[in-house]
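Taking it in order: structure first as structure tokens, then the write-up.
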Amino acid sequence: TFPMKLWLLVNSPCVHSVRWDARGEGLFIDQGLFEQELLGVGSSAAGEEELFKTKNFGSIVRQLNLYGFHKLTVNPSSSTVGSRPRPATAGGDTSYADGPLHHFWNPYFRYDRPDLLVKIKRLTKANKEKLDAGLEVTSRLPDDLQ
């Protein structure tokens with residue numbers, strides 16, 4: 001699922017365009033770097049763009065919105081930019097100069113709570129009706145996270 005892909009990306013030491021905010025409760029996406037690194041824009045990234053089946057960053061933002069992520073305003077002078085709750089890699093951990101920086105938040109997307117990922121639902125018409133009626137919408141975690 002999309003939230004699971006995002007969780008794996010933000011926790012991967014190899015991915016630099018997506019990272020946790022200082023509290024581990026939101027994520028920063030460096031648009032320019034994300035497009036190069038994960039969407040294969042302007043490079044011959046071998047098969048990486050298959051991860052999201054799109055080269056359009058707008059499509060990624062639409063997915064985030066569909067899954068209930070909210071965009072927060074980024075304060076460039078804020079000390080939370082570029083940090084993450086795990087040890088920083090040597091050098092280069094504050095290099096956020098490639099493009100606009102986006103800060104997204106979802107109450108169930110947290111550094112220390114992978115178990116909450118099952119609560120992140122795609123906002124389909126049926127799911128929206130359930131939520132509006134006060135019903136719970138659930139799905140199950142992939143077997144490797146049970």
Side-chain angles (χ1 to χ4, degrees), residues 1-43 45 48-142 145:
T1 66
F2 180 79
M4 177 55 61
K5 282 182 190 172
L6 211 51
W7 172 264
L8 294 171
L9 287 174
V10 75
N11 287 304
S12 166
C14 306
V15 175
H16 302 291
S17 58
V18 185
R19 60 185 70 172
W20 292 105
D21 62 16
R23 291 194 309 275
E25 294 175 358
L27 66 152
F28 285 114
I29 300 177
D30 178 324
Q31 183 177 336
L33 192 55
F34 188 94
E35 288 172 341
Q36 291 169 22
E37 193 175 43
L38 299 167
L39 302 182
V41 174
S43 72
E48 279 291 359
E49 66 273 11
E50 283 304 301
L51 189 64
F52 290 112
K53 298 180 177 62
T54 182
K55 285 182 179 284
N56 184 342
F57 187 76
S59 297
I60 300 299
V61 173
R62 203 159 41 251
Q63 286 289 316
L64 283 161
N65 293 332
L66 267 177
Y67 280 96
F69 283 82
H70 300 282
K71 190 165 185 190
L72 305 174
T73 51
V74 175
N75 176 358
S77 64
S78 162
S79 62
T80 58
V81 172
S83 58
R84 41 176 94 171
R86 64 168 187 266
T89 51
D93 208 51
T94 54
S95 59
Y96 253 139
D98 293 312
L101 188 63
H102 303 279
H103 191 186
F104 288 96
W105 176 84
N106 181 305
Y108 302 121
F109 197 85
R110 302 210 0 221
Y111 177 75
D112 55 347
R113 298 291 307 275
D115 57 299
L116 293 177
L117 287 172
V118 291
K119 292 180 175 282
I120 301 178
K121 297 293 155 279
R122 189 184 166 109
L123 221 49
T124 59
K125 189 168 181 282
N127 282 353
K128 189 171 182 343
E129 286 168 3
K130 280 185 186 172
L131 291 170
D132 290 345
L135 300 170
E136 182 151 346
V137 180
T138 56
S139 68
R140 58 183 208 88
L141 276 173
L145 277 181

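This is a predicted model, so every value here is computed, not measured.
Phe2 and Tyr67 have parallel rings, their planes meeting at less than 30° on a 0 to 90° scale where 60° marks the start of perpendicular.
Under a 3.5 Å cut-off, the side chain of Arg110 and the backbone N or O of Pro107 do not form any donor-acceptor pair. Checked by atom type and distance alone, the side chain of Lys5 pairs as donor or acceptor with a backbone atom of Leu51 at under 3.5 Å. In this structure, the side chain of Gln31 does not engage the main chain of His102 through any donor-acceptor pair within 3.5 Å.
For the pair Arg122/Gln63, a side-chain contact is recorded, criterion being any heavy-atom separation below 4.5 Å from C-beta on. Side chains of Phe34 and Val41 form no contact here, defined as non-hydrogen atoms less than 4.5 Å apart. Ile29 is listed as a side-chain neighbour of Leu64, based on a closest heavy-atom distance under 4.5 Å.
A pairwise comparison of heavy atoms in Trp7 and Pro114 identifies CZ2-CB, 3.5 Å as the closest pair. Nearest heavy-atom pair across Val15 and Leu9 is CB-O, 3.5 Å. Of all non-hydrogen atoms in Ser17 and Glu37, the two that sit nearest each other are OG-OE1, 2.6 Å. Of all the heavy atoms in His103 and Phe28, the pair that sits closest is CG-CE2, 3.5 Å. Between Pro3 and Ile120, the closest heavy-atom pair is CG-CG2, 3.5 Å.
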I would like to know whether Tyr111 and Val10 meet side chain to side chain contact (heavy atoms under 4.5 Å, CB included); could you show each step before the answer? CA-CA 9 Å; Tyr111 177 75; Val10 75; over 6 Å; no
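Of the listed residues (Tyr108, Phe109, Trp105), just one forms a side chain to side chain contact (heavy atoms under 4.5 Å, CB included) with Phe69, and that residue is Phe109. When each of Leu6, Thr54, Leu38 is checked for a side chain to side chain contact (heavy atoms under 4.5 Å, CB included) with Ile60, only Thr54 meets the rule.
Distance check, rounded to the nearest 0.5 Å: CG of Asp30 to CD of Glu35 gives 9.5 Å. Distance check, rounded to the nearest 0.5 Å: CE of Met4 to CG of Leu117 gives 5.0 Å.
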